[in-house]
Participant: 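This is the structure I want to talk about, given as structure tokens.
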Amino acid sequence: MPEGHTIHRYARDQTQLLAGRALRVSSPQGRFADDADRVDGATLESVMGYGKHLFYEWSTGEVGHVHLGLFGKYRVQETDRSPEPIGAVRMRLQTEPDDSRDTYVTVDLSGPTACSIDPPSVRAEILARLGPDPIRRGSKPDRMIARVTRSSRGIGDLLMDQSIVCGVGNVYRAEALFVTGIHPLRPGTDCDVAELEALWATVQGMLRQGVKHGRIITVSREDLGVAPNVRIPRGEATYAYKRDRCLRCGDEIRRIEIANRTCYYCPTDQPF
DNA sequence: GTAGTATGCTAAG
DNA sequence: TTAGCCTACTACT
């Protein structure tokens, strides 16, 4: 699940559900217990997404940091009673019933790579090493383009580098390069500015659509041949990613390992 | 039951 | 460059 769109979606939803309220913070699984104690009962001011990182601002002045890694997931429940944790819940955020609601809102986090309560300086350090996040309002491609055009590394490698542009993962890498018609092994120095501007706009559009839909859909309904009100099936929502054949031209999709992950591309639509 | 897979990243060698 | 880590879900036996 988690590329940048997932993180921003969580930030939006959890701000809506939890911000401005005093929360019970705990760690049913135990590994977050000491940190949880420090903010238990504090008010959550806001939840902010940046790239693949989530930051929780607490009224204590401390900042919660969550990175989902490959496996991290949230489960949100609204229930009459406090629910039993399902699976290995590292962090639980829970409202108390009050005048405006008579139910518990419970947000359970399992499987994250990072989950901690830190001074604000830790967030500053993390943000300092991230490239621009196309989902965020006012973000600009300048820094990304400058880095890419100076690098001999392949664009498929550069796109996964969170210090160059953040929030892009393996699915959006494949899909954005497909839509812009760029071969993933093309060196950054061989990409021109107009192409990279188009790539930025594509990535930005895809990620923002992802936030809106709550899932990755990069294909147009026309290309897929699906009516407007029909749900796009799982495995059908991409042009090249995890496909055997290119949705556009039918050519065989190639798979190569780039930056530790399988990169999918169409040799016909993405010439070197 | 068991194996295999996954949209990530870091630290060790 | 590789191993390791974090967990849930699916497709098989």
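Each chain gets a letter, A, B and so on, in the order the sequences are listed, and its residues count up from 1. Worth knowing before you read on, the calculation uses all heavy atoms, side chains too, and leaves out hydrogens, waters and symmetry mates.
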Participant: Assign A/Tyr241 to base, sugar-phosphate, or nothing according to its heavy-atom contacts below 4.0 angstrom with the strands shown.
Facilitator: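 Sugar-phosphate, no base atom in range.
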Participant: The side chain of A/Asn170 is closest to which nucleotide in this list: C/dC6, B/dT7, C/dC9?
Facilitator: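 Ranking C/dC6, B/dT7, C/dC9 by closest atom to the A/Asn170 side chain puts B/dT7 first.
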Participant: From the set C/dA8, B/dG8, B/dT10, return the single nucleotide nearest to any side-chain atom of A/Lys73.
Facilitator: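 So the side chain of A/Lys73 is nearest to C/dA8.
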Participant: Indicate, with a heavy-atom threshold strictly under 4.0 Å, whether A/Arg215 touches base, sugar-phosphate, or nothing.
Facilitator: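 The answer is nothing, as A/Arg215 stays clear of every strand by at least 4.0 Å.
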Participant: Please walk me through it: do A/Thr106 and A/Gln77 pass side chain to side chain donor-acceptor pair (under 3.5 Å)?
Facilitator: CA-CA 5 Å; A/Thr106 305; A/Gln77 300 174 81; 5.7 Å; no
Participant: Heavy atoms under 4.0 Å, any strand shown: does A/Arg261 hit a base, just sugar-phosphate, or nothing?
Facilitator: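 A/Arg261: base contact, heavy atoms under 4.0 Å.
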Participant: For A/Pro134, does its backbone N or O pair with a side-chain atom of A/Gln204 as donor and acceptor, under 3.5 Å?
Facilitator: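 Such a contact is found between A/Gln204 side chain and A/Pro134 backbone.
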Participant: Would you mind telling me which residue lines up with the more 5' stretch of DNA chain C, A/Val89 or A/Arg234, judged by nearest nucleotide?
Facilitator: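 Per heavy-atom nearest nucleotide, the more 5' residue is A/Val89.
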Participant: Of the options A/His65, A/Gln14, A/Arg123, which is the one that meets A/Tyr56 in a side chain to side chain donor-acceptor pair (under 3.5 Å)?
Facilitator: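 Single pass found, and it is A/Gln14.
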Participant: Any donor and acceptor pair, going by atom type alone, linking the side chain of A/Arg248 with main-chain N or O of A/Ala240 inside 3.5 Å?
Facilitator: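 The answer is no, because no donor-acceptor pair under 3.5 Å joins these two groups.
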Participant: For A/Glu175, report the nucleic acid contact type (base, sugar-phosphate, nothing); a contact means any heavy atom under 4.0 Å.
Facilitator: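 Nothing, no heavy atom under 4.0 Å.
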Participant: Nearest to the side chain of A/Gln162, which nucleotide is it out of B/dT7, B/dC9, B/dA6?
Facilitator: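 Ranking B/dT7, B/dC9, B/dA6 by closest atom to the A/Gln162 side chain puts B/dC9 first.
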Participant: Of A/Gln29 and A/Asn260, whose closest DNA chain C nucleotide lies nearer the 5' terminus?
Facilitator: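 That would be A/Asn260.
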Participant: Which is true for A/Arg9 with a 4.0 Å heavy-atom rule: it touches a base, it touches only sugar-phosphate, or it touches nothing?
Facilitator: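 A/Arg9: no heavy atom of the nucleic acid under 4.0 Å.
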Participant: Once you apply a heavy-atom cut-off of 4.0 Å, does A/Thr113 come out as touching a base, just sugar-phosphate, or nothing?
Facilitator: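 Counting heavy atoms under 4.0 Å across all strands, the contact made by A/Thr113 includes a base.
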